[in-house]
Protein chains: 2
Amino acid sequence: MSDVARVAGVSVMTVSRALKPQTPVSESTRARIEAAAEELGYVLNSTAAGLSSRHSGFVAMTVPSLNNSNFSDTARGLTEGLRGSGFELLLGYTNYDMAEEERLIAAFLRRSPEAIVVTGGAHSARCRSLLKASGVPVIETWDLPADPIDKVVGFSNAEAGRLMAHHLHSQGHRKFGFIGGDGMRDTRGADRRRGFLAALHELGVTEDRVLSEGDPPLSMGEGAAAMTKLLDRWPDTKAVMCVSDLSAFGAMSAAQRCGLSVPADIAIGGFGAYDIAKYALPDITTLDMSAEDIGRKSAEMIVDALSKGGPASLPDRIEIPYKLIVRGSTAA
Amino acid sequence: MSDVARVAGVSVMTVSRALKPQTPVSESTRARIEAAAEELGYVLNSTAAGLSSRHSGFVAMTVPSLNNSNFSDTARGLTEGLRGSGFELLLGYTNYDMAEEERLIAAFLRRSPEAIVVTGGAHSARCRSLLKASGVPVIETWDLPADPIDKVVGFSNAEAGRLMAHHLHSQGHRKFGFIGGDGMRDTRGADRRRGFLAALHELGVTEDRVLSEGDPPLSMGEGAAAMTKLLDRWPDTKAVMCVSDLSAFGAMSAAQRCGLSVPADIAIGGFGAYDIAKYALPDITTLDMSAEDIGRKSAEMIVDALSKGGPASLPDRIEIPYKLIVRGSTAA
DNA sequence: TTGAAAGCGCTACCAC
DNA sequence: GTGGTAGCGCTTTCAA
C-alpha cells in the first residue's frame, strides 16, 4: 500500500480510504490512486485490514452435509441475503458429528467471525460454551431448541412429523412405518420420527414399525434398503413416512421394484420438498420448509443485529412456516 | 495472549509455541499454559497469526453451484484430502457466471489463500491475470484446458460426449437429440454437446436435434420441459443425451408421462453418476467422473506443491479416468 | 479532504 | 527450552 501511495503521490491513509467506497476522497485523487494500484497489480490485504479494524468480514456457517439440497439452499439463501453487506461466508460441514462440529466451530472462532449460523439446536457442551462466549450473534437453524444459545430461525421437526401422520391417517391407512437413520446423530430426523409416532398413538395406532438404516444423511440407497427390509418384516404396511425425500424416493423405487403400486398398495411421504419429490413417478407427498428462506431470514437477522443504527429490531426467534404438499404418492 | 503468558508465568513467545503442536516446549510448561488458556477462555487469533507468519491457512475454491452433488463431492474430496494439513476451505459459488467468478476470486485473493481451486478452464481475462499474478498454486478442475493457468485435474468433456454418442449409436439408434442449457455459460456442458454431435457426424448422422432449455445448472424441471418440447418437435427421436443426470431424470420422467416407454420407445443417457441415475426406474446410463477423486487429487497436488521438503513430485496435469455405466435407460 | 503516529495480536528471528 | 524485539499491512485516532 505504501508503494501505491508513493506512485500516486499521497499518503497510505489516503490510499486506504480511496480503496473503500463511501469515504471522503476527492475524485481526482481517487482516480490517481486507482490507476497506481492497477499499474502495480496491488491487491488489498484483508487479513491486515481485519486485524487493524477488528472486523473480519466473515460470517461462519456449519451444515451437517454439503451434498443435501436443503442445506445448500439455506447456504445460498444466506449468501444472497448477505450480498451487498460485504460479508464472506466461511462454510463447513460437520458430517452429522458433534465432535466434528465442535472442532469446526473452534477453528472458525479463531477467525473472528462477526456472526455464526449453525444447524440444529443440539451441540456438545463445549461447543455451546464456545458459541456463548464468542460475543457475536449465533443463529441456530432448522430447529426450535427449548434452550437456545442466542437466536433461532427454524421450525418444530416434531410438529412436522405429526402433520404427516395426520395426513396419512386421514387417507384411511392404519398400518404405518417410518424410515430413518440409525441412532441419534440426526437429532432433527429423530424429532420428526418422535412426532410422527406420538401423533399415531394419539390417533389410536399402537403398533410401531420403525426401520433405521445406515448413518445419516440417509440417501436413496439407504431408503431403498430400508423399504426392502420393512416389506420383508411387515408385508402388510400401508403407509410409510421417510425422514427425507431422498430416502422416500429410494424407498418408493424399492417398493415399485417389488411389484407394489404407489399409492394403491403402499403410500409414501417424504420431507424437505426436494426437486426429486416433484419429478418422481408418482410425485411424492412432502413437507416444504422453504430451506432458502431459513438462510435468507438468518441473513436479515445478522444484518439487523450488526447494524450500528440503533438497537436490533427483529425478534430473536423466527418461526419458519411450512406446509404439507400432497401429491400422488399418498393420494390416488 | 499476554494475559495467558502472565497467568502461566511465561513469555508470550512460549505461549505462542505451546499452542502449536510439534514445537519445542517442555511438557510441564505446556500443561501450565493450556490450563491458563482454558481458565481465561482464551482463543487464538488466526488473523493476527496469519498476518505475522504470512500463512493464511486458507485454500480457496470456486464451484459453479453448491446444490450439485458433483461439485459438492469435489469439495468434500478436497476437504478430506486437506484434513490434517491444517488448511481451511474458503468455498464460493459462481452461479455459472464469469463476472461473479472474477468478483469472488478477487475477494478470495485479498485473503491470501495458499492455493486456489477453480472449476473449468474458461475464465475472464482479468480473472486469469489475477490468478496468474497470485503467486500460489492454481488448479483448474473438471476440464482439460488447452492453455492452463497452472495445474489441472480434469478430463475432456468433449471426449465424454463422444463416448455417449458411440454407445447410443451402437444400440442401433439413428435419430438423436441432445438436451442442455442455453448459451455458453456452462462451457463444460457445451463441450460435451460438441463432442456428442461431432461423433455422430463422423458416424454418418447428419441431423442434429439440440434442445437448449433454461440457464444452467439444468435441473429436473428444465430437463422435463426440454423433453416435452423435443418430443413435440421431433416425435420420432429415439435416443437423447442430457447434459447431466438431473436433467436426464427430468427428461425421462416427462417421456414416461407422455406414455413413452424407456428405453423401448426412447433411450436416455445422462452424465455425472448422480445417485438419482442409480435409483431411477429404469436406472439411467451415465458417465462417472469420480467427482470426489477430482477434489482428492487436487488436495494431493496442493499438499505436494506447498510441502517444503524438496521440489514438487506430482505432474502439473492429472487426467481423471472416467467410465460409461450402461444401465436400463439405454439397454433393454 | 488529507496526513502522521500508534498499534491491532501474533510470529520470525536472534540471543541466551 | 525460553525470552526480547521488531514488524507483518493495514486502520484508528487525532490533528491540520
Side-chain angles (χ1 to χ4, degrees), chain A residues 1-34 36-37 40-58 86 88 106-114 134-136 308, chain B residues 1-34 36-37 40-58 86 88 106-114 134-136 308:
Chain A
M1 189 177 264
S2 60
D3 292 347
V4 176
R6 196 179 325 110
V7 170
V10 293
S11 72
V12 287
M13 242 352 278
T14 306
V15 175
S16 172
R17 280 192 275 255
L19 263 30
K20 300 218 170 314
Q22 282 157 349
T23 42
V25 175
S26 76
E27 268 320 303
S28 62
T29 312
R30 174 165 272 146
R32 207 145 29 89
I33 289 169
E34 279 171 356
L40 296 173
Y42 170 76
V43 173
L44 178 76
N45 184 328
S46 295
T47 305
L51 180 61
S52 182
S53 67
R54 264 143 295 186
H55 288 295
S56 67
F58 282 129
E88 280 166 55
F108 282 168
L109 286 176
R110 289 195 277 272
R111 302 280 182 186
S112 317
E114 302 186 42
S134 70
V136 297
K308 284 114 185 152
Chain B
M1 189 177 265
S2 60
D3 292 347
V4 177
R6 198 180 321 111
V7 170
V10 293
S11 74
V12 286
M13 243 350 279
T14 305
V15 175
S16 173
R17 281 193 274 255
L19 263 28
K20 301 219 168 315
Q22 283 156 348
T23 41
V25 176
S26 77
E27 269 320 304
S28 62
T29 313
R30 173 165 273 148
R32 207 144 30 87
I33 289 169
E34 278 171 357
L40 295 173
Y42 170 77
V43 173
L44 179 74
N45 184 329
S46 295
T47 304
L51 180 62
S52 182
S53 67
R54 264 143 296 184
H55 288 296
S56 67
F58 282 129
E88 281 166 55
F108 282 169
L109 286 176
R110 289 194 277 272
R111 303 279 183 187
S112 318
E114 302 187 40
S134 71
V136 297
K308 284 117 184 147

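Summarising the geometry, atom CD belonging to B:E34 is positioned 11.0 Å from atom OG1 belonging to B:T29; distances are rounded to the nearest 0.5 Å. Interatomic distance, B:E114 CD to B:E88 CD, rounded to the nearest 0.5 Å: 11.0 Å. Distance CG/B:L19 to CZ/B:R30: 8.5 Å, rounded to 0.5 Å.
Looking at the side chain of B:L44, the nearest of the listed nucleotides C:dT11, C:dT2, D:dC10 is C:dT11. Counting only heavy atoms from C-beta on, B:R54 has its side chain closest to D:dC8 among D:dT11, C:dG9, D:dC8. Closest approach to the A:M13 side chain among D:dT13, D:dG3, D:dC10 is made by D:dT13 (side chain taken as heavy atoms from C-beta onward). The side chain of A:L51 has C:dC8 as its nearest neighbour among C:dC8, D:dG3, C:dT11.
What separates CG of A:L109 from P of C:dG9 is a distance of 16 Å, to the nearest Å. A:M1 places its CE atom 13 Å from the P atom of C:dG3, with the value rounded to the nearest Å. One atom, CD of B:E27, and another, P of D:dG1, lie 9 Å apart when rounded to the nearest Å. A:K20 has its NZ atom 12 Å from the C1' atom of D:dG9, to the nearest Å. Regarding A:Q22, its CD atom lies at a distance of 14 Å from the P atom of C:dT1, rounded to whole Å. Atom CD1 of B:I33 and atom P of D:dT2 are 8 Å apart (whole Å). As a whole-Å value, the separation of B:N45 CG from D:dC8 C1' is 13 Å. Rounded to whole Å, the distance from CZ on A:R30 to P on C:dT1 is 10 Å.
The phosphate of C:dT2 (OP1 or OP2) has a side-chain N or O of A:S26 nearer than 4.0 angstrom. Residue A:S52 places none of its side-chain N or O atoms closer than 4.0 Å to OP1 or OP2 of D:dT12. A sub-4.0 Å separation between OP1 or OP2 of D:dT2 and a side-chain N or O of B:T14 is absent.
Not a single donor-acceptor pair, N or O on each side, falls under 3.5 Å between the base of D:dG1 and the side chain of B:T29. For B:R17 against D:dG3, a side-chain N or O and a base N or O form a donor-acceptor pair under 3.5 Å.
Residue-level contact check: A:V12 touches neither bases nor backbone, having no heavy atom under 4.0 Å from any strand.
Map A:P24 and B:T47 each onto its nearest nucleotide of DNA chain C; the residue landing nearer the 5' end is A:P24. When each of B:S53 and B:V25 is assigned the nucleotide of DNA chain D with its nearest heavy atom, B:V25 is the one assigned upstream, toward the 5' end.
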Q.
Could you go through B:T14 and B:R32, starting from their C-alpha distance and side-chain angles, then the distance that decides it, and tell me whether this counts as side chain to side chain contact (heavy atoms under 4.5 Å, CB included)?
A. CA-CA 11 Å; B:T14 305; B:R32 207 144 30 87; over 6 Å; no
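Residues A:K20 and A:V25 fail the side-chain proximity criterion, which asks for heavy atoms closer than 4.5 Å.
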